[in-house]
Number of protein chains: 2
Amino acid sequence: MSVQRIGVPLTAPHSFEKPDWLDTILKGDCVAALEKLPKHSVDMVFADPPYNLQLGGDLHRPDQSRVDACDDHWDQFDSFDAYDAFTRAWLLAVKRVLKPDGSIWVIGSYHNIFRVGAILQDLGYWILNDVVWLKSNPMPNFRGKRFTNAHETMIWAVPRKDAKYTFNYEALKTFNDDLQMRSDWHLPLCTGSERLKDEDGRKVHPTQKPESLLYRVLLSSTNPGDVVLDPFFGTGTTGAVARKLGRHFVGVEREQDYIDAARARIDALSPANDDALEITLGKRAAPRVPFGNLIEAGLIAPGTKLTCARGRHQATVRADGSLVSGDHRGSIHKVGALVQGQEACNGWTFWHTEDGGLLTPIDNMRQIIRSGLPTSGR
Amino acid sequence: MSVQRIGVPLTAPHSFEKPDWLDTILKGDCVAALEKLPKHSVDMVFADPPYNLQLGGDLHRPDQSRVDACDDHWDQFDSFDAYDAFTRAWLLAVKRVLKPDGSIWVIGSYHNIFRVGAILQDLGYWILNDVVWLKSNPMPNFRGKRFTNAHETMIWAVPRKDAKYTFNYEALKTFNDDLQMRSDWHLPLCTGSERLKDEDGRKVHPTQKPESLLYRVLLSSTNPGDVVLDPFFGTGTTGAVARKLGRHFVGVEREQDYIDAARARIDALSPANDDALEITLGKRAAPRVPFGNLIEAGLIAPGTKLTCARGRHQATVRADGSLVSGDHRGSIHKVGALVQGQEACNGWTFWHTEDGGLLTPIDNMRQIIRSGLPTSGR
DNA sequence: TATATAGTTGAATCAGTCT
DNA sequence: TAGACTGATTCAACTATAT
């Protein structure tokens with residue numbers, strides 16, 4: 001994978017000086033700072049605005065340790081109206097500096113993304129896709145009160161319906177093993193050595209995004225030499241990936257601590273170093289197929305009897321994918337272990353369905369699900 | 001572990017006739033039809049509203065065959081304002097008939113889901129999760145101008161912030177091979193024999209949802225016997241799955257063709273038997289057993305020494321079920337917290353009895369009480 | 001040095017009942 | 001209604017320490 005170099009040829013027909021704001025971080029409120037940029041001067045915008053989380057008291061893990069919540073002042077808003085006004089203001093300011101054929105990405109969670117999306121549409125932006133970032137290692141739901149919040153949503157939009165935006169279809173397809181890139185991206189959180197820490201080992205920013213995410217965003221919707229604006233620059237992930245990919249950046253950030261960290265981070269990079277790119281490529285794994293999927297898919301009905309290969313043990317399937325065998329209840333693995341008096345058991349190969357005397361391991365049905373073939377329905 | 005029965009016994013203390021609208025499809029506009037239902041009469045709502053698709057002209061595949069897009073007249077709105085007014089109206093009508101502790105699911109795509117989500121919040125609904133349905137076999141993006149649109153978004157919400165909603169956490173966890181269920185659901189489209197076709201082999205409804213999706217929705221947020229409302233009933237996937245899972249349904253639909261198809265589809269079904277509908281319940285569903293009961297039952301004697309799992313902390317049981325450890329006195333939970341210097345502690349899992357070097361959590365004795373096994377008495 | 005075990009952590013709108 | 005009390009609840013990945 002090769003990368004083109006930055007740089008505008010000095011002899012280009014419309015040559016111009018490199019603007020002084022290019023590859024810098026503007027300090028201040030984003031709406032005010034964006035007034036310093038010329039109209040239609042950036043090719044793409046990546047924005048990670050405050051999510052307006054409305055957290056209650058402290059949350060503790062089952063081991064009693066306290067969750068380090070994002071409770072920073074910049075994430076606090078008095079009401080939805082206040083958040084909407086804020087959102088409308090910065091999206092308008094962005095629209096002025098964005099080129100007519102540029103595009104914008106905004107990331108958010110269910111706390112804010114619906115408001116952002118509706119306001120984007122109200123302001124005349126045209127949504128191209130929503131892309132979901134599926135986290136391979138999200139924080140669990142410790143109290144068991146909801147589904148694990150395992151994704152965030154990105155909206156990709158253009159400032160007008162008929163914009164001729166950049167989309168590197170072939171590059172993305174190659175990147176994705178020659179399959180069209182889908183709207184679901186499986187990537188891990190920003191942890192480990194990539195996560196910026198201060199001298200005391202504390203994270204510098206509560207919500208630093210992984211470079212792998214920005215890598216895909218910039219690769220898909222910008223060209224080398226393009227200018228990428230991030231109005232909520234934070235610790236500069238957008239700038240770091242832009243530099244690695246040979247794109248220009250301009251950031252806006254209010255907090256001096258974040259600016260310092262971002263500046264140091266980006267200055268340490270040399271542009272378009274292929275080696276540096278390697279680490280940004282995320283892992284991708286095939287999704288697991290839990291036993292419950294077979295029931296949903298109609299491959300196994302609640303009430304079905306399962307047996308082991310020798311017919312010694314029997315169990316009945318319940319609606320939630322649990323098995324019952326005598327007094328034993330639980331997952332296919334747990335009940336398989338219990339009926340055998342063993343510590344562990346692979347339920348997929350242990351349990352079988354019977355059809356006319358023919359025993360078939362339930363693992364075979366999992367293969368049907370994985371293959372994507374249509375199932376019979378129930 | 002018991003299961004509620006379908007239907008209300010006529011002799012029950014607060015007996016009432018089965019409402020005439022139960023398990024029926026109301027024909028007409030959804031706001032008008034919902035006025036026929038009593039206030040706070042449904043436990044859960046699943047809504048698949050029109051998507052407000054704005055397709056400019058026909059879409060063709062590379063081989064020039066026309067894509068059968070969703071261009072039915074019910075899916076056309078003149079503007080975002082019109083769509084918002086429509087959305088506000090039906091979400092308000094739904095809020096009247098939904099029980100205060102019920103919940104609502106709404107499914108949509110990027111065309112409409114941001115407006116729906118923002119209006120839900122504006123109307124005072126409290127979002128619990130957004131759940132993404134990842135399609136294992138989505139329609140490719142034929143023009144290669146965007147990412148393959150491979151998912152739809154569902155919003156799960158309650159009508160007020162402090163609602164005590166139904167969430168079958170343990171059942172879903174069992175369903176998912178003993179891992180808590182996440183907000184990303186990988187499920188195939190509705191195809192094959194499940195997809196309703198007319199005599200000419202054309203699909204009856206353009207956006208028929210897979211039963212697997214509804215199966216998971218109903219399993220997670222309803223109990224057997226609950227009433228599920230679908231204000232955009234279409235060809236009745238919600239009703240079909242509700243019947244299979246021993247839930248009641250009520251649907252609203254404008255098109256007679258859809259009503260006929262849905263009615264025939266549901267009438268052909270018989271509900272699963274009660275045993276198969278039984279689901280895995282968590283500890284919260286079990287009756288409370290005070291620590292003193294173990295003493296009354298003779299499972300533990302006053303004066304017994306308890307220790308933590310590592311033997312670091314010790315305490316003595318007193319006749320009233322309180323513990324003493326140094327200067328600390330109080331319940332198993334309070335003393336457990338005090339000796340560790342923590343705010344809270346689950347005494348049931350913290351304290352252990354010792355027998356020949358073997359440590360056993362006192363929670364095991366609680367299991368004996370709950371199981372109803374005979375104890376030694378006093 | 002390699003492997004095993006223990007500890008830490010991540011954008012989180014995270015309890016229910018009785019007095 | 002506010003406060004006290006009971007007691008339920010976690011997954012993947014990385015880091016530090018121990019063997």
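The chains referred to below are lettered A, B, ... by the order of the sequence lines, with proteins before strands, and numbering in each begins at 1. The figures that follow rest on heavy atoms only: side chains count, while hydrogens, waters and symmetry mates do not.
The separation of C:dT17 from D:dT9, taken at their P atoms, amounts to 14 Å, rounded to a whole angstrom. Rounded to whole Å, the separation between the C1' atoms of D:dG7 and C:dC14 comes to 15 Å. Distance noted for atom C1' between D:dT10 and C:dT8: 13 Å (whole Å).
With hydrogens and angles left out, the side chain of B:R288 and the base of C:dG16 share no donor-acceptor pair within 3.5 Å. For D:dT6, the base has no donor-acceptor partner in the side chain of B:W348 [N/O atoms by modelled type, under 3.5 angstrom].
The side chain of A:S65 has C:dT9 as its nearest neighbour among C:dA11, D:dA8, C:dT9. The nucleotide whose nearest atom lies closest to any side-chain atom of A:R146 is, among D:dT10, C:dT9, C:dC14, C:dC14. In this structure, of C:dG16, D:dC11, C:dA12, it is C:dG16 that holds the atom nearest to the side chain of A:K145. Of the candidate nucleotides C:dT13, C:dA11, D:dT10, C:dT13 has the atom lying nearest to any side-chain atom of A:N149. In the set D:dA8, C:dA12, D:dC14, the nucleotide with an atom closest to the side chain of A:M139 is C:dA12.
Remark: ring of A:F142 does not overlap the six-membered base ring of C:dC14 in a stacked fashion, as centroids less than 5.5 Å apart with planes less than 30° apart are not both met.
Phosphate contact (OP1/OP2 of C:dC14, side-chain N/O of A:R66, threshold under 4.0 Å): absent.
Aromatic rings from A:H205 and A:Y258 are positioned such that their centres are separated by under 6.0 Å.
Protein atom CZ of A:R115 is 17 Å distant from nucleotide atom P of C:dT13, rounded to whole Å. Protein atom CD1 of A:I107 is 10 Å distant from nucleotide atom C1' of C:dA11, rounded to whole Å. Taking atom CG of A:L59 as the reference point, atom C1' of C:dT9 lies 13 Å away to the nearest angstrom.
A pairwise comparison of heavy atoms in A:G347 and A:H333 identifies N-ND1, 3.0 Å as the closest pair.
Using a 4.0 Å heavy-atom distance criterion, B:V289 is classed as a sugar-phosphate-only contact.
More than 12 heavy atoms of other residues, nucleotides or ligands lie within 6.0 Å of NZ in A:K203, so this atom counts as buried by the packing criterion.
Below 30°, between 30° and 60°, or above 60°: for A:W185 and A:W105 the angle between ring planes is between 30° and 60°, a tilted geometry.
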